2 protein chains.
Amino acid sequence: MSKAVSQAVDALRQLIFSGSLSPGSDHLEGELAEQLKISRTPVREALLVLEGQGLVTLRPRKGARIRPVSTTDMAEIYDVLTELESLAAADAAHAKLSRARLWPLFDAIERMDKALARKDRESWALADDDFHSALVALGNNSRITMIAQMMSDQVRRARMVTLHMRPLPTRSNDDHRAVADAILAGDAETARTLHHAHRRAAKKMLITLLETHHLKCV
Amino acid sequence: MSKAVSQAVDALRQLIFSGSLSPGSDHLEGELAEQLKISRTPVREALLVLEGQGLVTLRPRKGARIRPVSTTDMAEIYDVLTELESLAAADAAHAKLSRARLWPLFDAIERMDKALARKDRESWALADDDFHSALVALGNNSRITMIAQMMSDQVRRARMVTLHMRPLPTRSNDDHRAVADAILAGDAETARTLHHAHRRAAKKMLITLLETHHLKCV
DNA sequence: GCATATATTAACGTATACATTAAGCGCTGT
DNA sequence: ACAGCGCTTAATGTATACGTTAATATATGC
């Protein structure tokens with residue numbers, strides 16, 4: 001991927017995640033090219049990449065549609081993340097890593113603690129993302145890393161909606177700590193099981209929130 | 001993705017899977033365009049898609065490199081498939097599907113039996129693919145379906161090497177039948193566990209074969 | 001007045017022309 | 001002879017021009 005194209009990808013991702021390009025909206029190649037001050041060619045290539053990442057769908061003469069993530073989409077995504085992150089946790093434990101190597105995990109947990117103390121949901125969400133991506137990285141499977149990143153991107157957008165609906169996730173960090181401890185102890189099966197349960201609970205919470213949200217919106 | 005581009009994608013995939021474009025080889029956009037009798041633009045777009053699918057890597061001035069799949073790549077891929085297919089098996093069982101809905105599964109098993117009786121490894125491989133993709137489809141998670149397809153594509157290439165090295169996989173079909181029966185019985189945990197074990201065994205076998213193959217080649 | 005056919009147009013899809021860049025090669029100077 | 005500089009060149013990356021197609025609107029016939 002060339003420089004300008006990856007810049008375009010980044011710019012479009014930014015616009016999508018910031019909500020400037022809202023889910024469900026259509027955007028013509030020409031308009032996007034004009035906005036980004038480049039020609040249609042790199043825009044087309046960027047859109048193809050984003051389509052591959054599941055962020056947009058390309059439809060002839062309708063432009064690029066920013067893909068809305070439905071409740072069933074979220075369920076699918078969480079199921080994938082549940083399995084793959086749990087494997088990563090098991091693999092990380094199996095690797096018998098030093099405490100130093102696990103620093104990103106414990107650091108994220110600490111930041112979540114602090115954010116919770118300040119009732120700062122945004123900071124908590126960022127640290128939570130960091131925990132999960134650090135966990136996946138420790139699993140040392142590049143395909144899982146890539147897939148998890150794609151899926152997390154889509155989750156992130158839905159969380160914008162739910163972040164302020166839910167109670168402060170104070171108990172969630174107990175889960176994180178337990179998983180990290182199991183990994184440090186080299187107990188693969190415990191790490192896997194705990195993380196699996198953690199993700200399943202998170203899924204259930206999110207789905208419930210989204211459903212009540214949809215009820216309010218309709 | 002437009003018609004010509006998807007034709008180009010299909011054509012290139014064909015060339016890759018048939019071995020005409022051998023792993024590790026480099027190919028300039030211009031050459032490929034000439035071969036396919038189209039201009040560079042759709043070729044570029046097709047290559048971007050294939051890069052997203054992990055089949056090629058694009059490097060400026062070196063052309064598109066057909067990605068070789070190393071032993072560690074195969075290990076990564078099998079780990080992903082193991083987790084996601086096992087979840088699909090569990091979900092399929094949970095859905096309490098009728099025997100009619102499970103026909104693709106049992107049909108694939110039957111075809112594998114026949115192929116084994118004829119010692120026809122190619123037919124067996126095709127039916128095995130069918131079994132696994134049918135299983136994933138029954139899981140009813142579009143993301144898992146997509147990921148599994150991508151990963152299977154890469155497995156398929158490596159199997160060309162190993163297909164004639166291994167003993168006829170006569171016992172493998174017992175696994176398949178047990179998984180299918182568990183799904184039919186609606187026993188999710190059994191289906192999951194059995195399939196998980198099946199895939200882990202397959203991974204171990206494949207890795208061993210690839211390693212001895214590399215030894216012979218070096 | 002409605003339906004159908006046709007014309008217009010706007011957006012996409014493809015080709016091509018042009019700019020950019022990096023790799024290889026040769027030249028020159030020490 | 002060797003090192004460093006610059007030129008050539010070939011391939012990519014970007015822009016633009018052109019062909020294609022589908023949607024919309026209008027006109028005509030029933």
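In what follows, chains are A, B, ... by sequence order, proteins preceding strands, each numbered from 1. In this text, all values refer to a predicted model and were calculated from it rather than measured experimentally.
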- Protein-to-nucleotide contact annotation, 5' to 3' order, nucleotides 18-23 of chain D [B base; S sugar-phosphate only; - none; under 4.0 Å, heavy atom]: --BBS-
- Distance in angstrom units between B:Glu45 CD and C:dG13 C1', rounded: 8 Å
- Item | By side-chain hydrogen bond (donor to acceptor under 3.5 Å, both in side chains) - contacts of B:Arg44 (at least two apart) | A:Glu45, B:Glu29
- Query: How many Å lie between CZ on B:Arg44 and P on D:dA11, as a whole number?
  - Reply: 15 Å
- Message: Heavy atoms only, 4.0 Å cut-off, all strands: where does A:Ser2 land among base, sugar-phosphate and nothing?
- Response: sugar-phosphate
- Query: Starting at CD of A:Glu29 and ending at P of D:dA15, how long is that distance when rounded to a whole Å?
  - Reply: 14 Å
- State, yes or no, whether a side-chain contact exists between B:Met1 and B:Gln7 at a heavy-atom distance under 4.5 Å. no
- Message: Checking B:Ser70 now: which residues fulfil side chain to side chain contact (heavy atoms under 4.5 Å, CB included) with it, not counting sequence neighbours?
- Response: B:Thr72, B:Asp73
- Residues at least two apart in sequence or cross-chain that pass salt bridge (charged side-chain N to carboxylate O under 4.0 Å, His left out) with B:Asp128, listed by chain then number, are B:Arg159
- How long is the line joining CG of B:Leu32 and P of D:dT12, in whole Å? 9 Å
- Sequence neighbours left out, what passes salt bridge (charged side-chain N to carboxylate O under 4.0 Å, His left out) with B:Arg118? Give chain and number order. B:Asp120
- Whole-Å distance separating the CD atom of A:Glu34 from the P atom of D:dT16: 13 Å
- Rounded to whole angstroms, how far apart are CD on A:Gln7 and C1' on D:dG13? 13 Å
- Numerically ordered, the residues 46-55 of chain B set in heavy-atom contact under 4.0 Å with DNA chain C is none
- Pair A:Arg59 + A:Asp26, salt bridge at N-O below 4.0 Å: yes
- Item | Nucleotide nearest A:Val5 when distance is taken to its side chain, options C:dA11, D:dA11, D:dT14 | D:dT14
- Message: Applying side-chain hydrogen bond (donor to acceptor under 3.5 Å, both in side chains), can you list everything that pairs with A:Glu51, at least two apart in sequence or on another chain?
- Response: none
- Residues in side-chain hydrogen bond (donor to acceptor under 3.5 Å, both in side chains) contact with B:Asp113, at least two apart in sequence or another chain: B:Asn173, B:Arg177
- Task: With sequence neighbours left out, write down each residue that passes side chain to side chain contact (heavy atoms under 4.5 Å, CB included) with B:Asp107, or none if nothing qualifies.
- Result: B:Trp103, B:Arg111
- Query: CG of B:Leu28 versus P of C:dT21: gap in Å, rounded?
  - Reply: 20 Å
- Return the set of residues passing side-chain hydrogen bond (donor to acceptor under 3.5 Å, both in side chains) with B:Arg101 (not counting sequence neighbours), or none when no residue passes. none
- Query: With sequence neighbours excluded, what pairs up with B:His198 under the ring pair (Phe, Tyr, Trp, His ring centres under 6.0 Å) test?
  - Reply: B:His132, B:His176, B:His195
- Message: With a cut-off of less than 4.0 Å, is there a side-chain N or O of B:Ser39 near OP1 or OP2 of C:dA15?
- Response: yes
- Task: Give the rounded distance in Å between these two atoms: CD1 of A:Ile38 and P of D:dT16.
- Result: 12 Å
Between N or O atoms, less than 3.5 Å apart, protein on one side and nucleotides 5-9 of chain C on the other: list the pairs.
none

